[in-house]
Amino acid sequence: MASHRFSSVSEEEPCCDISRKTKICLCVFFGLLIVVVIAVPVGILMWPRPHKEWKGEGTTAHFYEILMGRCYTYTQIVRPELGHKDCQKIGKAFTSAFLSKDPCSSTEQDYEPLMELTNQAVPCNKTLFWSKSSQLAHDYTRVRQNMFTLEDTLLGYMADGLRWCGDSGSSDMNYKSCPNWREDCSNNSFSVFWNTVSKRFAEDACGVVHVVLNGSISNPFDERSTFGRVEVFNLRPEKVHRLQAWVMHDIGSAGSDSCSSSSINVLKWILKERSIAFSCENNYGPIRLLQCVKNPEHPSCRF
Ligand code: 2NF
């Protein structure tokens with residue numbers, strides 16, 4: 001009996017040893033399997049991927065902080081009469097329009113929530129468009145404070161001079177490079193933004209609207225510019241009575257009758273087709289005065 005018990009134990013022990021080893025082996029195997037099947041793909045997904053490289057300049061450093069600072073400056077100091085605007089919400093809507101998205105597949109809809117938060121009425125007869133004349137147009141509205149360029153409205157003021165883009169594979173902004181609208185893609189988050197806000201700015205305009213054009217270049221009216229592509233075609237004939245163009249020449253530059261040039265004739269023709277009256281003036285006096293403030297000694301500034 002005793003010998004039988006002894007022999008049964010000695011027969012069982014190797015068996016128990018094998019099963020323990022097998023268990024350990026199985027544990028190690030399944031552990032490794034979990035690592036391979038779950039942890040490795042998760043790790044790959046979570047690993048910060050380098051942003052794609054584009055030909056344009058990257059997002060402006062401190063983009064969000066600048067945006068917020070400008071929003072508060074505009075609503076509290078520049079135009080407090082605009083009333084309450086939620087700058088926190090506006091900032092979130094702005095970044096949500098382009099973060100974690102392909103910067104070459106931006107759409108007007110991406111900016112829709114931002115547009116809704118920043119609606120702003122510009123009084124009739126006070127809209128001023130510009131093309132190739134940014135400095136001069138803004139010098140003018142700085143002194144004629146009741147006139148508005150797009151950059152004198154909240155959203156234009158916030159975004160002017162900044163650059164931004166995101167990436168579909170990351171929730172960060174791309175500070176290294178962003179798509180260039182000529183070399184990478186036209187539907188980039190930056191261009192789509194300006195097209196969208198320029199379209200709304202033109203749609204909202206009423207009465208007599210104005211544009212400052214650059215008479216010192218060969219085509220003061222450029223059909224490929226935002227003014228020529230977007231703004232002119234989004235004016236509403238039922239509420240815009242006339243477009244007044246001021247074609248300005250640089251102080252000292254030759255030629256002074258750009259209003260009769262072929263490029264201005266194209267603008268005149270487009271407006272006629274759209275049933276909007278057009279008038280044009282070379283070197284509009286009040287803006288000429290501002291040019292002369294910067295060049296007081298020039299002979300053409302001796303009034
Ligand atoms: O940066 C701005 N503040 C801005 C940009 C684009 C459009 C303002 N706008 C609005 C303004 F309200 C003006 O009424 O459009 C009008 C001026 O635009 P424009 O294209 O007629 O005038 P330009 O002097 O030719 O261009 C102004 C700036 O916009 C850039 C261009 O390189 C320049 O820096 N720009 C023009 N088209 C595009 C585009 N499709 C563009 N940038 C990106 N994508």
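Counting starts at 1 for both ligands and their atoms, following the listed order. Note that the structure is a prediction, hence the values are computed from the model and not measured.
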Atom indices of ligand 1, in the order listed, that fall short of 4.0 Å to a heavy atom of [X]:
X      : value
Asp160 : 1 (O), 2 (C), 3 (N)
Glu231 : 10 (C), 11 (C), 12 (F), 13 (C), 14 (O), 15 (O), 16 (C)
Leu150 : 10 (C), 12 (F)
Ser131 : 19 (P), 21 (O), 22 (O), 24 (O)
Ser191 : 39 (C), 40 (N), 43 (C), 44 (N)

Please say whether [X] places an N or O atom under 3.5 Å from an N or O atom belonging to ligand 1.
X      : result
Ser133 : no
Glu151 : yes
Phe227 : yes

Short check: is a protein heavy atom less than 4.0 Å from atom 31 (C) of ligand 1?
no

Decide whether the shortest distance between a heavy atom of [X] and an atom of ligand 1 is less than 4.0 Å.
X      : answer
Thr149 : no
Ser198 : yes
Arg229 : yes

Per atom 27 (C) of ligand 1, closest listed option by heavy atom (Trp130, Trp194, Phe190)
Trp130

Under a plain distance cut-off of 3.5 Å, with no hydrogens placed, do Ser225 and Asp222 share a side-chain donor-acceptor pair?
no

